[in-house]
Visitor: 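Once you've had a glance at the structure underneath, I'll fire off some questions.
Because the structure is predicted, anything quoted here is derived from the model rather than measured. Numbers restart at 1 for each chain; the letters A, B, ... are given by sequence-line order, proteins then strands.
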Amino acid sequence: MNLSVPLDSLSYRDRRFAGPGAWSLRALGQRGFSIPRTLCVTTRAYDEYAMTTGLKERILMELNRKDPHALLWEEIWGSSLRIRNMFLNIPMPLELRDGLKRSIQEFFGSSEVTLRPSSPPDSLSFPWCALPYGQPGGVAGVYTILEHIRLVWASACTGCASLAFKDMGAAGPTGAVLIQEAPAGSSFGRAYRTSPGAGSRLVMEYGVGQGAEGQWILDEGAGTVLSHAAPCGAVTLSDPELCEASGQAAMALDILGPFGEIEWALHRGKLSILHARTGSAGPCFPGARDLRPLGQLVESSFIPRISAEADALDARRPSHLADSGLAAELVRRREARRKWTGLYRDQVMPFAFAAVIFGALYNDAVRPVDPYEFVDLLMPSELPALRKDLLLEKMAELVRDDKALLGAIRRHTLPHASSGFMELFHDCLGRSGSGSAKAREGRAILELVLGRASMPPGTRGSRHAGMERLTEEFFASLAPEMRRPAREALELARSACRLQNEAAAQVRRIERLEEEAVREERRRRVFRGRGDAGPRTGVSPGECTARGMGGTWVRLSARQLPGMPCSPGMARGQARVVRGEGDLTGFKAGEIMVCGSLEPGMAAIVPLAHAVVAEQGSLLREGTAIARRYGLPYVTGVSDATRFIRTGDRIVVDGHLGIVIIEA
Amino acid sequence: MDFSLRNLKVSDPRRLAEDLRALFAAQPLAVLATSEEGHPCCSLVAFAATDDIRNLVFVTTRATRKFANLARDPRVSLLVDNRSNEVSDFHAAMAVTAAGTAVEAPDSERARFLKLYLGKHPHLEEFALSPGCALVAVRVSRYTVVRQFQSVMVLELEG
């Protein structure tokens, strides 16, 4: 099998090396449809690249870092970005490069081409799991084309990996790539049928660039237009164009079978078919091609509604309710938690994927060593945790310069209310809450200030170049025509990050309200002697004990736990396990924070820590931004970290490799 | 058998113990490390494990260096792994180091251990029954289990 084959020379024997996309396209070409000149880069090229460079094993090692069933989407995205960076940074072996170079030059000369995977993962139904190959226009020049082949491979690989992680049944990527002469055309789109069979509808999506701008739904039997949706001012198809495009599309879909799908280009009234697949994913997930509407939904509906529901639930104190009222409240809170975690998964997470799409764009342009560098561009300083962080640092500065103030805080006597320090203090404390909770929060803030003040200024400084400089460098690395879409992608990513953090905080609030009711119900049962105090695991921190085979007692402990590197660096120190915000009191500067996940409420403590270890990853969360801003090693996705690591254990956090070593 | 993390629940000692038993059943050979005047000395031995994974047994002639070494210092380690010497080992292989104390099998246990050993290595019957050979049992106190290149867990046995 050759490294590449022209589409019209493809034989049946070559079929599995060329991928289903190439084979479907060839079938349409043989039936007389107009197909751009196409060269198929076969799976042999991918296999040679992946095997010779060791990439295949590196990907497998990445996929096996953690039990896949325990992975969050954010962790999967993190892995996808790392895998994608492997493709970006590992060049093709010379022999492979020269072989492909010759074929591409002979076939296309200096023409502009487009590339696409011949067997894309079924990512249209889960568009927020695959890092797309997002080249909006054509590319020219053999070296650029070779580079884009690697990007297409990366896209197919990360998509399949993501689906495999979630047991969505994706077959592995075949790695075949289609290179086509860039089609002449004024309109592009895709076509598929809904409800194949009797009463089927033909859907024609179209746009002038990448992404659907409008959609026609046609009743094929009656030959009528059922609906037409397009934003105001969008370019649309004329009646003759629609007639030609839909007629040709219907014929092509007849050949491809009931679940077929095509991508098309229309030029001077004539339709070309760019891509064909026999297994259509059907209608796209809302906003698959443009996540903005989903963002509006999150901002204008999800967040206000969840916030209102949390306020309403919070207004009823479980401890004040009669037993029957408490039972009803428990059901109410449980249902609220189920509803909002479901909506969070279905609305917020797909929108948050905009940040990862930007990450892929950034990494393509900048090629950073750290695949998460883009996160440093996404966190606006007005995020609550970052704002609090800033206020704490200002207070620490005042305390460092004023020994009287330092002494006063140590003696628990606050300075005069009108002082600059107290203004900052009240600003940091906020207006919500009252009574003992507020007093506790106030004491915690002062402890944090003392902790920070004990560290020399500049000990914890911005490690990265700063958002502005990184942003400038990013745009400078882009071709002028790419800057506008990149700016839009960055704005969308920042919005995704902000809204995801806000939404996550509200979901966490609902979860806590449920926990509060559960605790109250359990307290009453224990009080009446009808229940135990809660689930007992029989497991002490730092180990896990069980009776083994043959009556032998076994005790399991960890020596080295793998996770995912989220912020580079090395740190050695004493661990402090933080299971909730209540454990933050007493956190000492220089300790290593070990937590389930880095919640917004914990973010302010992060600058005191020497490093952070979390069981669940949170690439796009405020805590991550703070850890990165302060240059702290941060390893996420460390399974059972709070179980195997005890407060006081000496541990080493390797933020480069993503491992935590528990010293004997 | 695939011992990668994909199929293992890291924090479950019972599952881990079962996987160790399966690994020991599948692997005929282990690397035995003894101390030779303070210097590590490695030897390849055919071994078998008891069902409760508390004992690893092997046979050696009494004239070997390893037998002399463990007679002087019974603290030993055994390495058992399922590597295939392919690049896939980096994500798929499992390596287990057993730390324990070696003793020549006592009379009360000899018949049981020998049956276990010959059940796994029937072709070594003549060797195992030779008067010049000793049946050695390593009482394991700790297993260190490395999987997927970076995950290291320690399983301690008591009682």
Visitor: Would you say the ring centroid of A/Trp153 lies under 6.0 angstrom from that of A/Tyr46?
Guide: yes
Visitor: Would you please classify the geometry between the B/His121 ring and the B/Tyr117 ring as parallel, tilted or perpendicular, with 30° and 60° separating the classes?
Guide: tilted
Visitor: Under 6.0 Å from the ring centre and within 45 degrees of the ring axis: does the NZ or CZ of B/Lys120 meet both conditions for the six-membered ring of B/Phe47?
Guide: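 Relative to the ring axis of B/Phe47, which defines the angle, B/Lys120 lies inside both limits.
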Visitor: By a 4.5 Å heavy-atom criterion (distance strictly below it), what part of A/Leu657 contacts chain B: side chain, backbone, both, or neither?
Guide: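 Contact with chain B involves the side chain of A/Leu657 alone.
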Visitor: Please name the pair of heavy atoms, one in A/Met593 and one in A/Val578, separated by the smallest distance, quoted to 0.1 Å.
Guide: CG-CG2, 3.9 Å
Visitor: At a heavy-atom separation under 4.5 Å, does A/Leu60 approach chain B through its side chain, its backbone, both, or neither?
Guide: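 Answer is both: backbone and side chain atoms of A/Leu60 are under 4.5 Å from chain B.
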Visitor: Let's test your reading of the structure: which of B/Asp89, B/Thr144, B/Val87, B/Val154 forms the most heavy-atom pairs below 4.5 Å with chain A?
Guide: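 It is B/Val154.
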